[in-house]
Number of protein chains: 2
Amino acid sequence: MREITIPESGAKRKLLDAAEILFAIHGFDLVTVRHVSQRVEMNVASVNYHFGSRAGLLATVILQYATPLHEQRLALLDTAERKGFGKITSIEAILEAYLSPVLLRIGSTELPEENFYQLLGRIFADHGKALPQPYRDSFQSVNERFIRAFAKVLPGLALEDLAARFHFIQGALIHLLAHQATLLQGTKSPQTMGQSIERLVRFAATGLRERLVVEDVVAVKDTPQAMFNF
Amino acid sequence: MREITIPESGAKRKLLDAAEILFAIHGFDLVTVRHVSQRVEMNVASVNYHFGSRAGLLATVILQYATPLHEQRLALLDTAERKGFGKITSIEAILEAYLSPVLLRIGSTELPEENFYQLLGRIFADHGKALPQPYRDSFQSVNERFIRAFAKVLPGLALEDLAARFHFIQGALIHLLAHQATLLQGTKSPQTMGQSIERLVRFAATGLRERLVVEDVVAVKDTPQAMFNF
DNA sequence: GTCTATAAAGTGATAGAC
DNA sequence: GTCTATCACTTTATAGAC
């Protein structure tokens with residue numbers, strides 16, 4: 001599998017900057033190599049020369065943002081776990097390890113805050129669907145790592161329920177990232193993303209602590225791995 | 001504003017059936033009028049003849065699903081509110097009025113269950129972005145109606161916090177709809193959507209009941225309408 | 001590395017025969 | 001209403017000049 005390195009400057013960087021904001025605003029499907037190259041007044045062949053293809057450009061953009069975010073999430077999770085479990089705040093610590101890294105805007109170079117969140121929302125909405133399989137697996141392994149961390153501090157909860165709740169939290173985050181900008185239109189005192197994330201942490205922590213006893217939700221015991229397929 | 005009526009049979013119905021499943025699988029941006037017409041072995045001009053344009057076809061598909069769902073949600077909410085508040089179960093009743101109508105698969109004619117949920121997820125992920133403004137307003141008014149209903153049974157919670165939490169729940173539902181199918185790959189005893197919705201009701205109800213006292217989340221008092229812009 | 005020209009295929013929409 | 005042919009344009013990608 002080819003490694004993708006992120007250029008600091010030069011022609012590749014210029015094209016990436018253009019691609020990032022266009023993908024953020026219009027989505028992955030509607031942006032053409034012409035839109036990208038024309039935005040920075042380069043020729044139409046430049047994208048294919050520097051990234052091989054349109055797909056190569058898209059993969060580079062996605063990995064530039066997803067990879068450091070994944071690393072930051074896992075690093076914060078490691079730190080939270082080393083500080084020890086059993087404390088009342090451990091659920092919040094894991095949630096913050098997962099949610100707060102989006103606030104660091106890592107991977108971003110020139111992108112305005114609003115477009116950074118939009119782009120991140122699009123990237124995680126389809127779980128790196130535009131990436132080759134090996135890269136997609138990294139999305140999945142981060143999910144699995146977090147679900148197992150929650151399982152340790154919520155021993156009374158079935159893994160199936162935990163996976164479902166984690167999926168809910170992931171959806172809430174993606175929706176927030178995708179629509180925070182439009183949510184603020186016309187507001188004089190805009191909510192910052194930090195405030196929204198803080199709200200989500202509290203909402204999710206309470207929801208996770210709900211002790212589930214449902215008769216009609218049957219436990220699934222056959223293929224554990226299937227639970228992490230998202 | 002032109003009314004859009006849904007045909008029961010005939011050429012329009014055939015084209016709609018094709019369009020629905022293609023939009024569900026590939027997304028709104030990648031499906032062409034040729035894909036649609038060729039799927040049911042009709043000529044390329046048929047879409048433009050029957051729907052005026054590609055955009056007209058897309059709007060018809062979206063409204064066919066969104067309109068009855070909106071009506072069902074509001075009808076269930078009215079029923080829940082008439083049964084009286086103050087009971088411990090009122091939060092769950094409102095949540096079920098919002099979430100459970102997706103299980104009825106209303107608006108659907110020929111769509112397999114998996115694709116129905118996918119399509120609904122795509123429709124609500126972008127709040128009817130592909131629709132003319134008057135229709136988009138109906139998405140927003142349903143949200144506002146539900147947030148106000150929650151406010152009555154959660155009087156201690158600021159409207160800003162409520163709106164944020166409702167947005168989280170909406171995101172969780174959309175993510176669930178969009179990925180329920182892939183979530184089940186490889187599972188022998190698949191979770192039904194009904195079970196997932198039941199899990200979401202419990203998770204969300206608990207999260208909504210969390211009594212928020214946060215110093216760093218400042219109340220916004222200027223433009224109330226901006227809170228419902230989603 | 002940059003750029004123009006072009007290939008080969010696809011796009012939405014429409015004119016006009018039937 | 002149906003269908004073919006076609007228009008005017010856009011798409012990704014590449015060959016080849018500089």
Side-chain angles (χ1 to χ4, degrees), chain A residues 2-63 109 122 126 129-132, chain B residues 2-64 109 122 126 128-132:
Chain A
R2 179 174 51 100
E3 275 301 309
I4 292 182
T5 53
I6 310 301
E8 304 268 321
S9 63
K12 284 186 84 158
R13 186 66 262 160
K14 266 177 71 181
L15 290 169
L16 279 172
D17 287 340
E20 288 166 22
I21 194 161
L22 288 174
F23 282 138
I25 294 171
H26 303 290
F28 298 148
D29 295 335
L30 293 181
V31 177
T32 71
V33 296
R34 272 181 172 73
H35 295 149
V36 174
S37 54
Q38 282 176 5
R39 184 172 225 273
V40 283
E41 287 161 300
M42 294 176 71
N43 64 85
V44 283
S46 56
V47 166
N48 281 289
Y49 178 80
H50 287 287
F51 297 95
S53 67
R54 181 195 185 279
L57 171 66
L58 177 54
T60 305
V61 169
I62 292 174
L63 288 172
T109 57
R122 292 190 193 276
D126 62 357
K129 195 186 67 186
L131 297 177
Chain B
R2 176 174 52 98
E3 276 301 309
I4 292 183
T5 51
I6 309 301
E8 304 268 320
S9 63
K12 284 187 86 160
R13 185 66 263 159
K14 265 177 73 181
L15 289 169
L16 279 172
D17 287 340
E20 288 167 22
I21 194 160
L22 289 173
F23 282 138
I25 294 171
H26 304 289
F28 299 147
D29 295 335
L30 294 181
V31 177
T32 71
V33 294
R34 275 178 174 75
H35 295 148
V36 173
S37 54
Q38 283 174 5
R39 184 172 224 274
V40 283
E41 289 161 301
M42 294 176 72
N43 64 84
V44 284
S46 57
V47 166
N48 280 290
Y49 177 80
H50 288 287
F51 298 95
S53 65
R54 180 194 184 279
L57 171 64
L58 177 54
T60 305
V61 169
I62 292 175
L63 287 173
Q64 175 188 329
T109 57
R122 293 192 193 275
D126 63 359
K129 196 186 67 186
L131 297 176

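Computed from a predicted structure; not experimentally measured. Chain letters run A, B, ... following the sequence lines, proteins first and then strands; every chain starts at 1.
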Discussion item. Suppose we screen for side-chain hydrogen bond (donor to acceptor under 3.5 Å, both in side chains). Which residues come up paired with B:Q64, at least two apart in sequence or across chains?
Written reply: B:E20
[X] and [Y]: which non-hydrogen atoms are nearest, and at how many Å?
X: B:R122; Y: B:I25; value: NH2-O, 3.1 Å
X: A:H50; Y: A:A11; value: NE2-CB, 3.7 Å
X: A:N48; Y: A:R54; value: OD1-N, 4.4 Å

Item to complete: Under 4.0 Å from any atom of DNA chain C, heavy atoms only: list the residues of residues 26-34 of chain B that qualify, in numerical order.
Response: B:T32, B:V33, B:R34
Discussion item. Give the residues of residues 41-49 of chain B touching DNA chain C, defined as any heavy atom closer than 4.0 Å, sorted by residue number.
Written reply: B:A45, B:N48
Discussion item. Please tell me if B:H50 has a side-chain N or O lying less than 4.0 Å from either OP1 or OP2 of D:dT2.
Written reply: yes
Discussion item. Under the criterion side-chain contact (heavy atoms from CB on, under 4.5 Å), I'd like the reasoning laid out for A:L16 against A:F51: C-alpha separation, chi angles, the key distance, then a yes or no.
Written reply: CA-CA 10 Å; A:L16 279 172; A:F51 297 95; 3.6 Å; yes
Worksheet, complete the sentence: Rounded to whole Å, CD of B:Q38 lies from P of D:dT4 at a distance of 11 Å
Fill in: Distance in angstrom units between A:R54 CZ and C:dG10 C1', rounded
14 Å
[X] vs [Y] side-chain heavy atoms within contact, under 4.5 Å:
X: A:I21; Y: A:R39; answer: yes
X: A:L58; Y: A:L131; answer: no
X: A:L57; Y: A:V36; answer: yes

